[in-house]
Amino acid sequence: MLIVGLTGGIATGKSTASQVFKARGIPVIDADVIAHQIMEPGEVSYNLILQQFGDDVLHKDSKAIDRGKLGSIVFNDSDKRQALNRCTHPYVRRRILYQLLGCYLRGYPMCVLDVPLLFESGMDKMCGKVAVVSCTGDRQIVRLMDRNGFSKEEAEARIKSQMPIAEKERRATRVLDNNGDLAELERQVDDLVERWTPSMLRTWGALLAPIGVIASLPFARWSTFGLGTLCTCASWVAGSFFIS
């Protein structure tokens, strides 16, 4: 199974591209959705956040965490931002791995890992290929002002707080240009899916390879053939996550 990392800058249109992938039947694991889930009351991350930041980060009329309030606390404070990351990142990664395993076992040839901070978190190392959704800085500012009600200065500050989009483009396998309309973005996604989707032979071969690993274990110690089979199947399992 090929894992495609999907990322971009704030307001470049990553979420729109993610919806296009879903519409094409490609499973999408959304790190933002998982981040919301682990902050629900009763979750480990929820309790860790309250221990770190206190009840002030809760909504006044409920026990839910006010993500906007929490975001404003950590936005200009790197120490508090790192503390928040320690409360959330390990649990986000764990759920991502569970969902990736589920996609693999269901025989999907490709899965999209939608992570805003893909490079910053090091999760790009989990991906066989990376697509970055990009647009001009002026478009980012206009979209942020329209979508979030930011002033121009606030929008610029949010953009500058992230890794430069040019650096993300440099590290990408492919850049999806989102300066046009939705139809143009859909065309680019369709082309990416057509070019990157592994063949069914490779997909099912990788899915069945673990059975070969288990079956060859009893013979690996006494037979060159058994050892060779074990190594071949193990390599296929590992390689299936980084099919090029």
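Heavy atoms only: backbone and side chains are in, while hydrogens, waters and symmetry mates are out. Positions are given from 1 along the sequence.
- Rounding to the nearest 0.5 Å gives a distance of 9.5 Å between CD1 of Ile26 and OH of Tyr108.
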Full working for side-chain contact (heavy atoms from CB on, under 4.5 Å) between Arg94 and Leu97: CA-CA 5 Å; Arg94 185 179 301 172; Leu97 289 172; 5.8 Å; no
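- Using modelled atom types, one side-chain atom of Ser121 and one backbone atom of Leu118 make a donor-acceptor pair closer than 3.5 Å.
- Side-chain atoms of Asp191 and Arg174, non-hydrogen and from C-beta on, do get closer than 4.5 Å to each other.
- With contacts defined as side-chain heavy-atom distances shorter than 4.5 Å, the pair Arg158/Gln140 does not qualify.
- Atom CZ of Phe150 sits about 6.0 Å away from atom CD1 of Ile10, to the nearest 0.5 Å.
- Counting only distance, with no hydrogens or angles, the side chain of Arg143 and the backbone of Thr12 share a donor-acceptor pair below 3.5 Å.
- Side-chain contact check for Ile29 versus Ile34: some heavy-atom pair is nearer than 4.5 Å.
- Residues Val193 and Val20 are members of one and the same hydrophobic cluster, defined by side-chain heavy-atom contacts under 4.5 angstrom among Ile, Leu, Val, Met, Phe, Trp and Tyr.
- Remark: the backbone N or O of Asp32 is paired with a side-chain donor or acceptor of Asp30 at under 3.5 angstrom.
- Here CG of Leu101 is found 13.5 Å from CD1 of Ile96. Values are rounded to the nearest 0.5 Å.
- The salt bridge (charged side-chain N to carboxylate O under 4.0 Å, His left out) search around Glu167 returns Arg170, not counting sequence neighbours.
- Put simply, the side chain of Arg171 does not reach to within 4.5 Å of the side chain of Val130, judged on heavy atoms.
- The backbone N or O of Asp177 sits less than 3.5 Å from a side-chain atom of Gln188, completing a donor-acceptor pair.
- Interatomic distance, CG of Asn179 versus CZ of Arg139, reported as 5.0 Å (0.5 Å rounding).
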Intermediate values then yes/no, side-chain contact (heavy atoms from CB on, under 4.5 Å), Val57 and Leu50: CA-CA 8 Å; Val57 298; Leu50 293 190; 4.0 Å; yes
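- Counted within 6.0 Å of CZ on Phe75, heavy atoms from surrounding residues, nucleotides or ligands total more than 12; the atom is thus considered enclosed.
- Across Val189, Leu176, Leu182, a single residue satisfies side-chain contact (heavy atoms from CB on, under 4.5 Å) together with Thr16, and that is Leu182.
- Looking at Lys22 and Asp114, no side-chain N of the basic residue comes within less than 4.0 Å of a carboxylate O on the acidic one, giving no salt bridge.
- The backbone N or O of Val115 lies less than 3.5 Å from a partner atom in the side chain of Thr7, making a donor-acceptor pair.
- Between the side chain of Lys14 and the main chain of Val133, no donor-acceptor pair closer than 3.5 Å is present.
- Between Ala11 and Leu144, the shortest heavy-atom contact is CB-CG, 3.8 Å.
- Side-chain contact between Val44 and Ile38: absent, with no pair of heavy atoms (C-beta onward) separated by less than 4.5 Å.
- Here the SG atom belonging to Cys111 is positioned 11.0 Å from the CG atom belonging to Leu6, to the nearest 0.5 angstrom.
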Verdict with supporting geometry, Leu48 and Tyr91, side-chain contact (heavy atoms from CB on, under 4.5 Å): CA-CA 11 Å; Leu48 291 174; Tyr91 304 95; 3.7 Å; yes
Residue pair Val132, Ile165: steps toward the side-chain contact (heavy atoms from CB on, under 4.5 Å) verdict: CA-CA 9 Å; Val132 168; Ile165 193 67; 4.0 Å; yes
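- Residue pairs satisfying the side-chain hydrogen bond (donor to acceptor under 3.5 Å, both in side chains) criterion with at least one member in residues 42-59, sequence neighbours excluded, are listed as follows: Glu43-Arg95.
- Remark: Lys152 NZ is loosely packed, at most 12 non-hydrogen atoms of other residues, nucleotides or ligands lying under 6.0 Å away.
- Using a 4.5 Å heavy-atom cutoff, the side chains of Ile3 and Leu113 are in contact.
- Using modelled atom types, one side-chain atom of Arg81 and one backbone atom of Val74 make a donor-acceptor pair closer than 3.5 Å.
- To the nearest 0.5 Å, atoms OG1 (Thr173) and CG (Leu192) are separated by 9.0 Å.
- Using a 4.5 Å heavy-atom threshold, the side chains of Met126 and Leu100 count as touching.
- Inter-residue side-chain proximity for Glu120 and Lys168 is flagged as met; some heavy-atom pair is nearer than 4.5 Å.
- At distances below 3.5 Å, not a single donor-acceptor pair connects side-chain atoms of Glu156 with backbone N or O atoms of Ile141.
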